[in-house]
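Take a look at the structure below.
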Number of protein chains: 2
Amino acid sequence: MENRVERIKKQLHEQSYKLTPQREATVQVLLENEEDHLSAEDVYLLVKEKAPEIGLATVYRTLELLNELEVVDKINFGDGVSRYDLRKEGASHSHHHLVCIECGTVDEIQEDLLAEVEKIVEKDYQFKVKDHRLTFHGVCHRCQAKAKKNEESAEAASLHTN
Amino acid sequence: MENRVERIKKQLHEQSYKLTPQREATVQVLLENEEDHLSAEDVYLLVKEKAPEIGLATVYRTLELLNELEVVDKINFGDGVSRYDLRKEGASHSHHHLVCIECGTVDEIQEDLLAEVEKIVEKDYQFKVKDHRLTFHGVCHRCQAKAKKNEESAEAASLHTN
DNA sequence: ATAAAAACGATAACCATTCTCAGTTTAAAA
DNA sequence: TTTTAAACTGAGAATGGTTATCGTTTTTAT
C-alpha cells in the first residue's frame, strides 16, 4: 500500500499541481488515520507534529484540493464541522455511515446496499444519480451492551434497597 | 389540515411551553412553505412579513424548540446552512432527498424505500436504527432536459458554421 | 394585582471556514 | 545551472451562520 502516496503524487503532477511538503504531510496524515473521519482542525494538529510550520489555511486548501481530485470525500454529520475521508481505492463515490446518538462514534457499512434503491430513483424520478449519502442514526452495539449492563446493576441495587 | 396548527399548539402547551405570537407566526410560515427546505434566514424574512418586530434570535430559538419537539427536522445539505422541514404527520423520522448538482433544487422521494436496507443494518451491525438520512446527488430531470436542448442548439449552430 | 418564570429583541460573541496579501517555493524553460 | 513566472505558503483579517448575553416585556400562577 506504500505506492498509494505515489499514486496521489502522480495524480497531482498530472494535473499540474505542485508537490509541496505540506501537501505530502497532509496526505500522510490522512493515510495514517483512515476510518477516523478527521476534521480540518484534527488534520491540522496531526500535520503540525510532522511539519510544525504549516498553517491552518493551507490544510483547508489542501483538503479542498484533494476533495476536488476525488482523493478524499468531504462529509458532514451535522455537528458543525466538515470531515475528510480518504476515498478507498476503486470505491464508488458513496457514503454509508452509522452514527451512534449515544457515544457519537461513526462506523462504516458495506457498499452496494443501495444499488437497487438507486435504480428505482433513476427510473421513477428521472434523476441521474452521481453520488449519494446514507446515514443511519441510532445506538451502536457497544452502547446497547452498556445500557443493558447499567440496567442490570440498577436492578440489583433496587433488590437490595427493597 | 387546519387543525395541524392546533395540534402543534397543544403539543407546546402540554410540555408547558408558551404560546407566543412569534411562535405561532413561525409555525404558520412553515406550514405555508412546506417542501421548501427553508433556512433560518428564509423563515426569518417570511415571518417578518407577518410580525415585523420579530428578531432573528427568536426564529432560531423557535426552530430549535420545534426540532426538539420533533415538529420540524433540521437538515443539512452541505451548503453551509441548516434547513428546517415540517415533519409530515405520522411520517417516520426519515429524510430522503434528491439534490440537483446543476440547479441546486431539492426534491423529495417516497418513504419506505429503505425498509429492507434498515433491516439488514440492524441485523448485520447490531445497530438500533432510530433515524436515517438518504441523499442522492445528481442531475434532476429539468436540468437533463435543459442540457439536451443546449446540446441540440449547439449542434445546429455548428452545422451552420461548417 | 403581583411575583416568578419564560420569552423576547438587539446585538455581541463564537467558531468553522474563506479570503487577502506579502513573501517563498516550485518546476519548467532558458 | 540559473532564471522566471506561476503556484503556493503562513499569518491573520474577514465572513457568515449560529449561539449566548442581557436588560426588558410578556405570560402564567398565586
Side-chain angles (χ1 to χ4, degrees), chain A residues 8-29 37-69 71-84, chain B residues 8-29 37-69 71-85 104:
Chain A
I8 295 170
K9 282 188 188 174
K10 194 175 158 195
Q11 199 177 345
L12 279 168
H13 191 257
E14 275 166 5
Q15 314 210 15
S16 61
Y17 289 110
K18 294 184 177 167
L19 242 66
T20 67
Q22 291 91 338
R23 286 176 180 170
E24 203 162 345
T26 303
V27 170
Q28 204 63 50
V29 162
H37 307 294
L38 300 176
S39 68
E41 185 80 25
D42 295 337
V43 174
Y44 172 59
L45 294 173
L46 288 167
V47 174
K48 243 177 140 49
E49 291 174 10
K50 292 182 200 299
E53 74 294 342
I54 200 170
L56 179 58
T58 300
V59 171
Y60 272 102
R61 281 185 291 235
T62 302
L63 291 171
E64 197 56 40
L65 174 62
L66 293 174
N67 184 49
E68 274 161 28
L69 292 179
V71 170
V72 307
D73 292 318
K74 182 178 182 177
I75 59 181
N76 192 311
F77 294 123
D79 61 347
V81 294
S82 292
R83 299 181 178 277
Y84 300 84
Chain B
I8 294 169
K9 282 188 186 174
K10 193 177 159 195
Q11 199 176 344
L12 279 168
H13 191 256
E14 275 167 4
Q15 314 210 15
S16 60
Y17 289 109
K18 297 181 177 169
L19 243 67
T20 67
Q22 291 90 339
R23 285 177 181 169
E24 202 161 347
T26 303
V27 170
Q28 203 64 50
V29 162
H37 306 294
L38 300 176
S39 68
E41 184 81 26
D42 294 338
V43 174
Y44 173 60
L45 293 174
L46 288 167
V47 174
K48 244 179 140 51
E49 291 173 11
K50 292 182 200 298
E53 75 294 341
I54 200 172
L56 179 58
T58 301
V59 170
Y60 271 101
R61 280 185 289 233
T62 302
L63 291 171
E64 197 55 39
L65 174 62
L66 293 174
N67 183 48
E68 274 161 29
L69 293 179
V71 169
V72 307
D73 292 318
K74 181 177 182 178
I75 58 182
N76 193 311
F77 294 122
D79 61 347
V81 294
S82 292
R83 299 180 179 278
Y84 300 83
D85 289 5

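Predicted model only: the values in this text are computed from it and were never measured. All chains are named by letter (A, B, ...) in the order of the sequence lines, taking the proteins before the strands, and each is independently numbered beginning at 1.
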Practice task
Would you kindly compare A:A51 and B:P21 by the position of their nearest DNA chain D nucleotide and give the one closer to the 5′ end?
Solution key: A:A51
Handout entry: Most 5' of B:L56 and B:L19 on DNA chain D, judged by nearest nucleotide
Key = B:L56
Exercise for the section: Please answer whether the main-chain N or O of A:L69 pairs with a side-chain N or O of A:Q11 as donor and acceptor at a distance below 3.5 Å. Expected result: yes
Handout entry: Under 3.5 Å: donor-acceptor pair, side chain of B:N67, backbone of B:E64
Key = no
Below 4.0 angstrom from OP1 or OP2 of [N], is there any side-chain N or O of [X]?
X	N	answer
A:Q22	C:dT25	no
B:S82	D:dT18	yes
B:Y60	D:dT19	no
B:H13	D:dT27	no
A:T20	D:dA7	no

Completion exercise
Sorted by position of nearest nucleotide on DNA chain C, 5' first, the leading residue of B:K18 and B:E53 is B:K18
Fill in the blank from the handout: Taking for A:R61 and for A:S39 the nucleotide of DNA chain C with the nearest heavy atom, the one nearer the 5' end belongs to A:S39
Practice task
State which of C:dG9, D:dT9, D:dT27 makes the closest approach to the side chain of A:R23.
Solution key: D:dT9
Completion exercise
Of the candidates C:dA10, C:dA16, D:dG10, the side chain of B:A57 sits closest to C:dA10
Problem - Smallest separation among heavy atoms of B:L19 and B:K9, with atom names - result: CD1-O, 3.5 Å
Problem - Exercise: identify the closest heavy-atom pair between A:S82 and A:K74 - result: OG-CE, 3.5 Å
Practice task
Look at all strands and tell whether B:P52 reaches a base, only sugar-phosphate, or nothing, counting heavy atoms closer than 4.0 Å.
Solution key: nothing
Practice task
Give the rounded distance in Å between these two atoms: CG of B:L38 and C1' of D:dG17.
Solution key: 16 Å
Fill in the blank from the handout: Atom CD of A:E64 and atom P of C:dC19 are separated, to the nearest Å, by 9 Å
